[in-house]
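Scroll down for the structure; my scribbles are underneath it.
Here is the naming used below: chain letters follow the sequence lines, and residue numbers restart at 1 for every chain.
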Number of protein chains: 2
Amino acid sequence: MATIYDVAKAASVSPKTVSRVLNGDAPVGRKTRKAVETAMAELGYVPSNAARMMRSNRSGLIGLVTGALSQKLEPMEPTGLPDLYIVQGIQRVMADSGKTLIIADTGGTSAKVPQLVRTFLQHRVEALIYVADYHQQVTLDTGAGNCPVVLVNCFDADGTTAIVPDDERCQFDLVTDLVRSGHERIAYFTLDPAMVATELRSKGYRAALEAAAIPYDGALEVMARRNVENDDGGLLQRALDSVLALDRPPTVMCCGNDEMALRLYGLIRSRGLRIPEDVSVAGFDNYRVIAETLYPPLTTVELPYLAMGQRAAEIALGMIKGEDEQLAGSEMVPGPVHWRSSVTALNSVTKLRSNTGSTFS
Amino acid sequence: MATIYDVAKAASVSPKTVSRVLNGDAPVGRKTRKAVETAMAELGYVPSNAARMMRSNRSGLIGLVTGALSQKLEPMEPTGLPDLYIVQGIQRVMADSGKTLIIADTGGTSAKVPQLVRTFLQHRVEALIYVADYHQQVTLDTGAGNCPVVLVNCFDADGTTAIVPDDERCQFDLVTDLVRSGHERIAYFTLDPAMVATELRSKGYRAALEAAAIPYDGALEVMARRNVENDDGGLLQRALDSVLALDRPPTVMCCGNDEMALRLYGLIRSRGLRIPEDVSVAGFDNYRVIAETLYPPLTTVELPYLAMGQRAAEIALGMIKGEDEQLAGSEMVPGPVHWRSSVTALNSVTKLRSNTGSTFS
DNA sequence: AACTGCTATGACACCGATGTCATGACTTCG
DNA sequence: CGAAGTCATGACATCGGTGTCATAGCAGTT
């Protein structure tokens with residue numbers, strides 16, 4: 001691989017002059033510049049980042065760890081591979097800023113993390129970003145020293161800078177939209193309460209009811225999914241039957257995620273009910289393969305994974321520049337409601353006017 | 001950040017001795033080693049890869065480009081984000097071999113590729129891997145010089161080393177299993193024939209029929225999905241009706257992907273037919289969110305993305321070691337059939353014994 | 001003519017590790 | 001006891017760029 005010395009010799013100039021052509025940090029004569037550029041092209045010269053970094057101490061690399069960190073090793077129900085979107089968001093911002101991403105996947109073994117961090121530090125990454133596959137608390141065995149760290153889709157006990165989805169706000173917005181379109185009996189089939197997101201969304205659900213002065217009915221909020229092997233779907237079936245048996249059954253059923261909604265479609269129809277004429281259904285995640293493919297298409301909330309990634313990248317870049325941003329703890333990012341035909345409006349007037357950034361498709 | 005000189009001073013030895021402790025390439029006295037190790041721990045010393053690379057010229061980095069390269073800019077129907085699995089496969093192998101992956105996503109703009117490749121070359125990657133999001137032909141504006149290149153899920157006209165899924169074999173295996181379980185009237189709803197995969201799978205479908213001495217009936221193979229905006233699902237509906245109207249309607253329907261199978265479930269039921277009692281359904285992709293969530297669970301074929309990634313990584317490592325492997329052109333990787341209850345056996349005997357690595361779940 | 005100011009260029013040290021070679025202490029063997 | 005061999009260690013050059021400083025050439029000013 002050619003070096004500046006080779007280029008310098010070919011162009012009959014000093015190495016330093018070649019360096020100047022490369023960086024444009026000092027004036028270079030027009031003829032000289034041309035000679036150098038020709039030589040570089042002929043030799044197929046590409047500057048070595050390693051050598052450059054030796055002096056500048058700026059590697060241009062950002063370390064990204066995905067997977068792992070999970071305290072539960074059980075793989076979650078697939079919910080659209082949020083990590084991927086987060087990573088894309090990060091990548092997009094980083095590429096624009098000229099940084100290069102170096103990525104390590106732990107493959108679910110959080111024990112590998114320290115090793116990966118070490119490798120990143122060897123490459124002198126300018127920042128470290130951890131991405132979790134679902135909203136959770138992590139404890140990270142950093143050893144990262146003074147390297148800036150940003151957590152995404154997770155948070156820790158030490159108040160490390162973190163970007164998390166605003167589950168509460170998302171559920172709040174969804175339920176508020178349901179109320180606006182005339183629903184009052186709103187069932188909510190939750191995921192495993194052990195998950196961080198479940199609790200937050202429950203809060204959002206209740207807050208939306210309260211804001212609309214609709215009394216909370218515990219019989220309408222039922223856990224319908226466990227993160228355990230022996231949940232064969234029976235929970236959801238029983239949950240459905242229990243709310244259908246109520247004196248005042250719900251007019252709309254919210255699901256903890258779109259996959260649950262997919263199952264629910266089948267169950268509701270096997271009970272002889274129509275969607276949305278007899279009962280409306282809403283999901284969570286905007287897992288498009290499901291939400292747009294189902295008939296009728298599913299009203300659901302999008303978790304803003306791409307935006308979270310972008311935000312995390314911006315913050316990391318800010319930390320590199322030394323702005324520090326004082327970002328103590330978590331920043332929550334809300335996401336839009338996607339309004340589709342699985343929910344029917346009960347009030348004749350379309351007084352539904354969302355101010356929450358909802359989209360209608 | 002501490003250097004070996006700092007460590008050397010702290011341990012009262014020469015820098016070279018610290019280097020020896022790090023690399024173990026020469027004997028070091030026990031007491032000296034201990035002193036050095038203590039000093040390293042105290043200073044939080046992490047060796048600089050850049051400096052190391054200056055001498056060894058081995059960066060330990062592998063460049064990975066995803067997205068882009070696609071000749072069609074239209075995003076495909078989501079089929080389970082194969083790139084992610086491929087990347088995971090690559091990552092897994094690379095991590096085991098001590099290499100670090102650096103990743104760039106083109107975000108769909110193949111124009112960015114040369115720029116990304118340049119960045120990678122600056123980092124002196126030891127190999128370059130391109131991953132496409134679906135099986136396709138690409139033309140890559142390399143400029144990669146003598147850096148080893150491996151294509152995954154795509155191939156080019158120049159015969160660059162490439163790892164692609166064995167679509168033909170996969171479809172062949174699936175249809176063969178269907179035949180073994182007693183089906184003879186096998187419909188096949190294909191994807192857009194403009195896709196490389198579609199043609200290959202058609203060949204597999206026909207080859208399997210021929211191998212079983214079942215006459216090919218053109219009325220059973222119908223295009224049911226176009227990669228265009230105005231395909232509202234009507235194609236599939238008409239395809240279904242056309243085969244149901246045949247004198248000898250099919251006993252099983254194969255779909256071009258699992259998403260199509262999801263739609264087909266709905267359509268079949270709206271015609272008053274039961275799955276699998278009246279008609280069996282098979283998919284393609286083993287897109288688990290769909291295949292395992294549907295009722296009944298979907299028989300489908302898995303495209304071996306993880307394995308493809310692993311294989312690609314192995315080959316790239318081989319090329320780095322200079323084994324060159326003579327791998328002219330493409331290597332095709334087959335994937336297993338996942339046998340689930342959406343397909344019923346027509347022959348009473350369970351003479352079904354797959355030798356194709358099928359799994360039964 | 002002497003001085004100032006600017007442009008264009010080169011010499012040289014340096015970043016942090018490692019390869020090469022040299023050296024001193026100690027063991028082993030004839 | 002001296003020669004040869006092993007062990008442990010250090011001095012120094014080197015990798016490929018960039019920062020610092022010096023210098024030569026030339027125009028403009030007084």
Q) Hey, are the side chains of A:L303 and A:M308 touching, using non-hydrogen atoms and a 4.5 Å cut-off? A) no
Please produce a list of atom pairs where a protein N or O lies less than 3.5 Å from an N or O of nucleotides 14-16 of chain C.
| unit_1 | atom_1 | unit_2 | atom_2 | d |
| --- | --- | --- | --- | --- |
| C:dC14 | O2 | A:R55 | NH1 | 2.5 |
| C:dG16 | N2 | B:A51 | O | 3.3 |

Q) Which residues, if any, of residues 12-38 of chain B bring a heavy atom under 4.0 Å of DNA chain D? A) B:V13, B:S14, B:K16, B:T17, B:R20, B:P27, B:V28, B:G29, B:T32
Q) Are any of the side-chain heavy atoms of A:T139 and A:D156 separated by less than 4.5 Å? A) no
**Q.** Residues in side-chain contact (heavy atoms from CB on, under 4.5 Å) contact with B:V7, at least two apart in sequence or another chain
**A.** B:V18, B:V36, B:A39, B:M40, B:L43, B:Y45
Q: Calculate, to the nearest 0.5 Å, the distance between atoms CD1 and CZ belonging to A:I4 and A:R52 respectively.
A: 9.5 Å
Q | Spacing between A:D6 atom CG and D:dC15 atom C1', to the nearest angstrom | A | 13 Å
Q. How would you list, by chain and number, every residue that makes a side-chain contact (heavy atoms from CB on, under 4.5 Å) with A:V164, sequence neighbours excluded?
A. A:H135, A:F155, A:S330, A:M332
What nitrogen or oxygen pairs link the protein and nucleotides 22-28 of chain D at under 3.5 Å?
none

Q. Do A:V149 and A:T161 have side-chain heavy atoms sitting under 4.5 Å apart?
A. no
Q. Heavy atoms, side chains only, cut-off 4.5 Å: are B:L61 and B:K99 in contact?
A. no
(Q) Could you check whether any side-chain N or O of B:E126 sits under 3.5 Å from a backbone N or O of B:S59, counting only pairs where one atom can act as donor and the other as acceptor? (A) yes
Q.
Among A:L151, A:I90, A:I315, which residue satisfies the side chain to side chain contact (heavy atoms under 4.5 Å, CB included) criterion with A:I129?
A. A:I90
**Q.** Degree of bending in the helix from C:dA1-D:dT30 to C:dG30-D:dC1 once both end axes are built from five pairs, to 10°
**A.** 50°
Q.
In the structure I gave you, are the side-chain heavy atoms of B:I103 and B:L64 within less than 4.5 Å of one another anywhere?
A. yes
Q) Tell me, do B:L128 and B:V117 make a side-chain contact under 4.5 Å, heavy atoms counted? A) yes
Q: Would you check if A:T160 and A:Y130 make a side-chain contact, meaning some heavy-atom pair closer than 4.5 Å?
A: no
Q. Can you find a heavy atom in the side chain of B:V21 that is under 4.5 Å from one in the side chain of B:E37?
A. yes
Q | Interatomic distance, B:M53 CE vs D:dG17 C1' [rounded to whole Å] | A | 11 Å
